[in-house]
Each structure stands twice: as structure tokens, then as C-alpha cells.
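Computed from a predicted model, the values in this text were never measured in an experiment.
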Amino acid sequence: MDTGSGHGEVGDLVIRVTAMPTDLNPYGGVFGGWLMCQLALGASSLVTRRTGLKAVVVGATDFAFPGAMQVGDELNVYADVLRVGRTSMTVRTRGFGRVRASDEEVEVANGTFTFVGLDTNDRPKPLADRRKEA
């Protein structure tokens with residue numbers, strides 16, 4: 001899906017958030033751990049919306065931080081389902097930073113997460129993509 005962002009096929013916009021002073025590392029840039037957290041939150045949102053289930057991260061791989069953000073920059077996180085297993089879903093995420101007073105965005109983080117859907121007893125539950133059932 002083309003988001004209209006000029007980034008091509010990057011998936012669904014799942015989070016838009018502004019980096020705040022508490023999100024900075026000791027060097028004054030946005031902390032990579034905060035970026036990873038935002039990517040995970042966005043991926044989780046997509047999985048939960050698609051399955052209707054509680055979902056927990058069981059794996060996180062392939063992280064890269066090709067750009068940098070500063071306090072006040074906006075982070076836009078996009079997520080796309082790569083694979084659906086019996087009880088798990090793998091989601092690719094990409095985060096793009098936008099300087100507050102600009103329309104230009106640069107990719108600042110990306111990574112892949114695997115989630116397992118859980119039933120009410122917190123046991124793995126077979127997934128059903130609600131978008132395909134409709």
C-alpha cells in the first residue's frame with residue numbers, strides 16, 4: 001500500500017509521535033531503545049487490530065538505524081505483515097523522522113517483530129485475520 005508519504009510500499013501508518021526530552025540519549029539524540037519501543041508498539045497495534053487477540057512479542061530481529069532524530073521531531077511508524085503462522089504473525093516496521101518545521105522525512109529505524117496471539121488464559125491461540133473473514 002502506498003501511504004502517500006513518498007516512501008513507496010511501507011505498510012499501514014500505525015503510530016505518529018513526537019520525540020520529547022525524556023526520549024534522548026546522553027548525546028542529545030533520540031535513544032535507539034525508544035525507537036525500537038515505538039516500532040514494537042506500532043507492530044502490536046497492527047497485530048491486535050488484525051486478529052482481535054492479545055499479542056506478545058516473542059522475537060525481534062533485523063534492526064537498523066539509518067538516520068537520526070532530535071527532540072521535537074515527529075516519528076511516523078509504518079507496519080506491514082510479512083508472515084502469518086498458526087499462532088504467530090511476523091511484522092516488518094519502518095520509522096520515518098520528520099523535522100518539526102519540514103515536510104521532508106528520513107528513515108530512522110526499521111526492524112521485524114514476531115508476535116504470538118494469546119487466549120484469555122494467556123495460551124497461544126490460532127490466528128484468524130479478521131480482514132480476510134469480512
Open item on the list: Just verifying a value: how many Å separate F65 CZ and N110 CG, rounded to the nearest 0.5 Å?
Closed with: 8.5 Å
- [ ] Could you state whether V84 and L118 fall into the same hydrophobic cluster, counting links through intermediate Ile, Leu, Val, Met, Phe, Trp or Tyr residues with side-chain heavy atoms under 4.5 angstrom apart?
- [x] no
- [ ] Check whether more than 12 heavy atoms from other residues, nucleotides or ligands sit under 6.0 Å from atom CG of D103, and answer yes or no.
- [x] no
Open item on the list: Nearest 0.5 angstrom please: L24 CG to M69 CE, how far?
Closed with: 9.5 Å
Open item on the list: If you count heavy atoms of other groups shown closer than 6.0 angstrom to CZ of F31, is the number above 12?
Closed with: no
- [ ] Kindly compute the distance separating CE (M89) from OG1 (T48), expressed to the nearest 0.5 Å.
- [x] 9.5 Å
- [ ] Kindly work out whether a path of hydrophobic side-chain contacts (I/L/V/M/F/W/Y, heavy atoms less than 4.5 Å apart) joins L39 to V106.
- [x] yes
- [ ] Would you check, one step at a time, whether the test side chain to side chain contact (heavy atoms under 4.5 Å, CB included) holds for W34 with L75?
- [x] CA-CA 11 Å; W34 180 82; L75 176 67; 3.9 Å; yes
Open item on the list: One thing to verify: whether R94 and D80 come together as a salt bridge, which I'm taking to mean a side-chain N less than 4.0 angstrom from a carboxylate O.
Closed with: no
Task: T90 backbone acceptor or donor facing T114 side chain under 3.5 Å - done: no
Task: Nearest heavy atoms of A43 and A79, plus distance in Å - done: CA-CB, 4.4 Å
Open item on the list: For a quick test of reading the model, state the closest non-hydrogen atom pair linking P126 to L53 and the distance between them.
Closed with: O-CD1, 4.2 Å
Task: CD1 on I15 to CG on N76, rounded to 0.5 Å - done: 10.5 Å
Task: In one Ile/Leu/Val/Met/Phe/Trp/Tyr side-chain cluster, 4.5 Å: M36, V57 - done: yes
Task: Considering all heavy atoms, the nearest L127-G85 contact - done: CD1-O, 4.3 Å
Task: For the student: nearest non-hydrogen atoms of R49 and L46, plus distance - done: NH2-CD1, 3.2 Å
- [ ] State whether the number of non-hydrogen atoms from other residues, nucleotides or ligands found under 6.0 Å of R100 atom CZ is greater than 12.
- [x] no
Open item on the list: Q38 vs V30, test: side chain to side chain contact (heavy atoms under 4.5 Å, CB included). Steps then yes/no.
Closed with: CA-CA 12 Å; Q38 299 308 312; V30 170; over 6 Å; no
Task: Nearest heavy atoms of P21 and V71, plus distance in Å - done: N-CG2, 3.3 Å
Task: Test item: D119 side-chain N/O and N121 main-chain N/O as donor-acceptor pair under 3.5 Å - done: yes
TODO: Over all heavy atoms of both residues, which pair between V116 and P124 is shortest? Give the atoms and the distance, please.
DONE: CG1-CB, 3.9 Å
Task: Test side chain to side chain contact (heavy atoms under 4.5 Å, CB included) applied to V47 and F113, step by step - done: CA-CA 10 Å; V47 172; F113 296 91; over 6 Å; no
TODO: Quick one: pull up NZ in K125 and NZ in K54 and give me the separation to the nearest 0.5 Å.
DONE: 13.0 Å
